[in-house]
Protein chains: 2
Amino acid sequence: MTSIKDVANLAGVAVGTVSRVINNSGAVKPKTRQKVEAAIQELNYFPNEVARNFKMQKSKMVALLLPSIWNPFFSELAYYIEDELDREGYKLMLCNSGGKPEKELYYLDMLRQNKVAGIVGITYNDIENNVSNDIPIVSIDRHFNKKITCVTSDNYEGGRLALRELVKAGARKPAFMGSVTSVFSETMNRREGFIHEAQALGVDYVIYEKPDPIVDNQGFINEFLHNHGDADGIFAITDMLAACYIDQASKQGIRVPEDVKVIGYDGIQDNPYFHPILSTVRQPVEEMARMTIRLLYDKIEGIPLDKQVYRIPVVFRQGETT
Amino acid sequence: MTSIKDVANLAGVAVGTVSRVINNSGAVKPKTRQKVEAAIQELNYFPNEVARNFKMQKSKMVALLLPSIWNPFFSELAYYIEDELDREGYKLMLCNSGGKPEKELYYLDMLRQNKVAGIVGITYNDIENNVSNDIPIVSIDRHFNKKITCVTSDNYEGGRLALRELVKAGARKPAFMGSVTSVFSETMNRREGFIHEAQALGVDYVIYEKPDPIVDNQGFINEFLHNHGDADGIFAITDMLAACYIDQASKQGIRVPEDVKVIGYDGIQDNPYFHPILSTVRQPVEEMARMTIRLLYDKIEGIPLDKQVYRIPVVFRQGETT
DNA sequence: CATCAAATTTGAAACGTTTCCAAATTAACT
DNA sequence: AGTTAATTTGGAAACGTTTCAAATTTGATG
């Protein structure tokens with residue numbers, strides 16, 4: 001492989017000079033620059049990025065650690081994250097943890113060994129103590145501590161919004177359906193918003209939860225239908241759960257939205273060719289992704305951030321289920 | 001950062017010895033090994049992977065170059081590819097090209113500079129000439145030349161299968177709906193299989209194509225409906241197109257499957273909560289992903305492959321649209 | 001205990017950059 | 001032209017690892 005040394009020889013200059021030409025650093029006489037550039041052309045030389053990373057002790061690689069890229073919400077997020085990273089010449093490394101704590105730690109270790117510039121983490125367990133201080137992290141939807149900045153949709157307002165929309169659509173006894181998430185998860189606030197708004201409006205409501213992650217959605221939903229057949233509105237903590245509910249409910253002859261109104265959360269239906277089109281609280285995925293990366297840039301450059309948690313407004317998107 | 005030298009000092013041995021302990025290469029006396037391991041423990045040392053990559057002039061990084069991870073077919077593929085890579089300690093770098101030739105070339109250049117171990121490419125234009133020989137590539141669904149091995153579903157059989165299923169479901173005049181793909185694209189064979197099977201069975205058929213990629217699906221479909229209102233079976237080249245057709249057709253009062261039978265290709269509906277559940281030719285995504293990576297491993301290790309194109313059987317999956 | 005082969009260890013070179021100081025050249029004034 | 005200041009260039013050191021030839025230790029054998 002042709003190296004900077006070959007270029008220097010051919011151009012009749014020192015390696016340092018070639019380096020300065022390549023990086024536009026330091027002063028170089030126009031004539032010298034020309035010679036060097038000619039040599040680069042002739043040898044079809046391109047800098048060895050690996051050597052550079054090594055020398056600089058840092059790389060332009062950012063890792064995205066999430067449960068599964070297969071999940072449509074995450075794949076949309078990953079799309080925008082990669083796009084935003086590319087704008088500054090950063091590269092994206094993808095790590096599927098499956099939500100398993102041991103795999104999350106395994107990847108965290110690996111990323112440290114590989115000296116990535118930063119990490120975007122969507123993790124299931126508390127990684128606060130397993131993370132070295134010298135690698136910037138921004139997490140999505142998980143708030144651990146000062147060290148790890150968090151970007152999230154405004155879950156609390158989302159919960160309130162969902163409750164209001166259910167009531168507006170005619171529900172008299174709305175139910176929250178979801179999982180008991182860890183105290184670190186910001187998604188917990190969806191439930192809080194729901195509850196507080198129900199109380200503020202004086203509406204009767206139901207809370208139904210299962211440990212996270214829910215493995216047996218169907219069983220969970222059937223149990224709910226058995227115990228709370230009187231609920232006439234559902235706020236499901238994710239679109240997937242909402243869709244699953246509708247599927248199960250229809251098997252029992254329950255019609256949506258005639259008998260029960262349903263609202264999900266996420267807004268994963270990008271191409272609304274499939275039905276029912278969910279009424280949902282749409283997360284501003286693109287904005288979240290870009291903000292995450294820009295905050296990560298700040299951390300990489302050592303710029304102090306003014307907040308620990310950045311909440312981005314959500315909007316209600318009307319579908320066919322309310 | 002603590003380096004191999006610190007470990008060597010603490011353990012009272014030479015750096016070479018530490019290296020041999022870490023890599024299990026060469027002979028090391030048990031007693032020495034113990035001393036070294038103790039030192040590693042005490043210093044909490046872990047090898048600098050970047051330095052290693054540099055010295056070895058290769059990394060365990062594989063790039064996945066595709067139009068958009070947002071596309072559910074690709075995100076499933078990416079999931080399995082990452083999983084298979086991780087089994088051998090390889091890492092995945094994700095590159096969204098948007099299907100734009102210039103972006104594909106830009107990424108290819110970048111990957112070369114970064115000395116990735118290999119590339120999985122799902123590209124829109126012919127990258128044959130823009131790729132150096134020293135970096136192994138396996139492509140999915142695109143067959144350029146000897147240099148680039150191709151993994152694909154058995155598109156030809158998939159086309160035949162779709163035609164047969166449409167006829168079996170009662171269609172008298174089935175239509176193929178898709179895009180005129182480049183000659184390099186293996187997906188072209190879906191059309192060929194469709195045509196040949198129709199001819200073999202003596203069935204009347206329609207071929208309707210638009211340049212790839214189709215930007216205005218709706219316009220394309222409406223044009224089709226206008227020109228070929230008599231077609232009573234549709235084989236759409238992707239599930240997305242099938243779903244879009246059904247959506248448009250229903251707006252014109254056409255019922256599926258009563259009036260028209262529809263079959264897609266891909267099998268993207270992993271969680272069939274949404275309707276209609278498409279009848280489709282399911283690509284064996286997991287198998288394709290794993291085979292792709294194993295072939296890439298062979299290429300990385302210089303093992304010659306016996307074929308240029310590896311075709312994996314498809315199956316028909318009955319949904320609600322036939 | 002002397003010898004020799006095998007096993008183990010040492011330490012320097014190399015990988016391709018960037019960076020920094022010193023040296024050399026050029027430019028700007030008297 | 002001579003002096004000084006500013007600009008440009010040269011080249012070595014350093015980053016953390018692996019590898020390899022040479023040196024040393026070990027252990028068996030006579």
For B/K60, salt bridge (charged side-chain N to carboxylate O under 4.0 Å, His left out) partners two or more places apart: none
Flag the pair A/R294 and A/E84 as a salt bridge only when some basic side-chain nitrogen lies within less than 4.0 angstrom of an acidic carboxylate oxygen.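 A salt bridge links A/R294 with A/E84.
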Are A/R290 and A/D83 within salt-bridge range, i.e. N to O under 4.0 Å? yes
When the nearest nucleotide of DNA chain C is assigned to A/P47 and to B/T17 on a heavy-atom basis, which residue is associated with the more 5' position?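 It is B/T17, whose closest nucleotide lies nearer the 5' terminus.
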Position toward the 5' end of DNA chain C (nearest nucleotide), B/A27 or A/I22: B/A27
Does A/R20 put a side-chain nitrogen or oxygen below 4.0 Å from OP1 or OP2 of C/dT18? no
Set of residues satisfying ring pair (Phe, Tyr, Trp, His ring centres under 6.0 Å) with respect to B/F144, sequence neighbours excluded: B/F184
Contact nearer the 5' end of DNA chain D, comparing B/R52 with B/K29: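 In this pair, the answer is B/R52.
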Against the six-membered ring of B/F54, is A/R52 placed for a cation-pi contact (under 6.0 Å from the centre, within 45° of the normal)?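 No.
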Is any side-chain heavy atom of B/P284 closer than 4.5 Å to one of B/S153? yes
With a 4.0 Å cut-off on heavy atoms, is [X] in touch with a base, just the backbone sugar-phosphate, or nothing at all?
X     : result
B/V28 : sugar-phosphate
A/N53 : nothing
A/V13 : sugar-phosphate
A/S3  : sugar-phosphate

A/N24 CG to C/dT18 P: how many Å, rounded?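 These atoms are roughly 12 Å apart.
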What are the bounds, 5' to 3', of the part of DNA chain D that sits under 4.0 Å from heavy atoms of chain A? D/dT8 to D/dG16
